[in-house]
Amino acid sequence: MPELPEVETTRRGIEPHIVGRRINRVTIRQPRLRWPVPPLDKLLAGQRVKSVSRRAKYILIEFANGTLIVHLGMSGSLRIVNTNTPSRPHDHVELCFGKQCLRLHDPRRFGAMLWTEGDPLKHPRLCDLGPEPLSNAFNGESLYRIAKNRRAPIKSLIMDGKTVVGVGNIYATEALFAAGIHPQRAGNRVSLARLEILVDEIKKVLDHAIERGGTTLRDFVNETGTPGYFAQELMVYGRAGEPCKLCGNQIKTRQIGQRASAYCSVCQR
DNA sequence: AAATTCTCCTGAAGGC
DNA sequence: TGCCTTCAGGAGAATT
């Protein structure tokens, strides 16, 4: 599932192929995504892409008359393909620029395409989001200010977009392991010093995955793509029942906030 | 206000 | 081999 590193890698991958280019056709095969897809064929006719940016896991494609906001949900992907490439099932929307198209493929349709004519950062979906995880605005003290008054599990807090954006289940799980913090520990029972370590580990794991994405997802033209992380690098995520790579104890799993959460009860307290 | 539960959807995995 | 059931998962919405 696309987490922030995959979204950033996607943004970097498509940007050079579409910035400055003019749309000559839009095809909507399936308008029923998370929310109905707006009439992009009319909105984008003849429009030129001004920029491709990102906020949280949203990709923002800017035009002179507004901004297309794209979210990949958990099974979505954007690819640059030749116009004559046959569409596959679940290729829901495509923006064509002459001989090339930007295609949204999303089997589970948890993704979204939204349109706004104002400042995209003021859009209802974006205006209440917390800080970017890799920015200085997200630090030990900012996390402490939130966590110190909350009894919810620390894992739920760091996965809450109002605390910090872009930390999905995989990276939350891995960062908590790296920081030695039990995912279910109440927010108000984690010291500032430990939160500083946690923030550090979150940034590290995201940075590393973006770096990976840059090398493994380099080609966005006619490529299937690989995720920004590798199964053999995961310390705990998806390893329930297997031995901890640090202490050998069996990795456990439980539901925290409706999400599978793997952890080592020896290494994480 | 905070915490919890529900919801969308389909591919993959497990059971028999 | 194949059919049927179960379930994960991002994040907004609804509910407690």
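Below, chains carry the letters A, B, ... as their sequence lines are ordered, and counting in each starts from 1.
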**Q** With DNA chain C as reference, determine whether A:V167 or A:Q255 sits nearer its 5' end, using the nearest nucleotide of each.
**A** A:Q255
**Q** Nearest-Å distance, CG (A:L114) to P (C:dA11)?
**A** 13 Å
**Q** Tell me: NE2 of A:H90 to P of B:dC9, nearest whole Å?
**A** 13 Å
**Q** Rounding to a whole Å, what distance do you find between A:Y237:OH and C:dA8:P?
**A** 10 Å
**Q** Hey, does A:V49 have a side-chain heavy atom less than 4.5 Å from the side chain of A:L95?
**A** no
**Q** Rounded to the Å, how far apart are A:L126 CG and C:dA11 P?
**A** 11 Å
**Q** Atom NZ of A:K162 to atom C1' of B:dT4: distance rounded to whole Å?
**A** 13 Å
**Q** Specify the separation, in whole Å, of atom CG of A:L33 and atom P of C:dG9.
**A** 21 Å
**Q** Using side-chain heavy atoms (C-beta onward) and a distance below 4.5 Å, is A:V199 in contact with A:F138?
**A** yes
**Q** Can you tell me if the side-chain N/O atoms of A:Y171 get under 4.0 Å from OP1 or OP2 in C:dG10?
**A** no
**Q** Judged by modelled atom types alone, do A:R55 and A:S53 share a side-chain donor-acceptor pair under 3.5 Å?
**A** no
**Q** Rounded off to whole Å, could you give me the NE2-to-P distance for the A:H71 and B:dC8 pair?
**A** 19 Å
**Q** Does the distance from a Lys or Arg side-chain N to an Asp or Glu carboxylate O, for A:E15 and A:R12, drop under 4.0 Å?
**A** no
**Q** Check the distance between C:dA11's C1' and A:K57's NZ and give it to me in whole angstrom.
**A** 9 Å
**Q** Between A:R269 and A:S265 (side chain of the first, backbone of the second, donor and acceptor by atom type, cut-off under 3.5 Å), is there such a pair?
**A** yes
**Q** Of A:R103, A:R88, A:R79, which is the lone residue that meets salt bridge (Lys or Arg N to Asp or Glu O under 4.0 Å) with A:E94?
**A** A:R103
**Q** Report the relative orientation of the aromatic rings in A:F63 and A:W115; use parallel for angles under 30°, tilted for 30 to 60°, perpendicular for over 60°.
**A** tilted
**Q** Counting only non-hydrogen atoms, which of residues 150-161 of chain A are less than 4.0 Å from DNA chain B?
**A** A:R150, A:R151, A:A152
**Q** Within residues 105-112 of chain A, which residues have any heavy atom lying less than 4.0 Å from an atom of DNA chain B?
**A** A:P107, A:R108, A:R109, A:F110
**Q** Does any N or O donor sit under 3.5 Å from an N or O acceptor when you compare the side chain of A:R259 with the base of C:dG10?
**A** yes
**Q** A:L72 and A:D106: side chain to side chain contact (heavy atoms under 4.5 Å, CB included), yes or no, with the steps?
**A** CA-CA 7 Å; A:L72 300 177; A:D106 185 7; over 6 Å; no
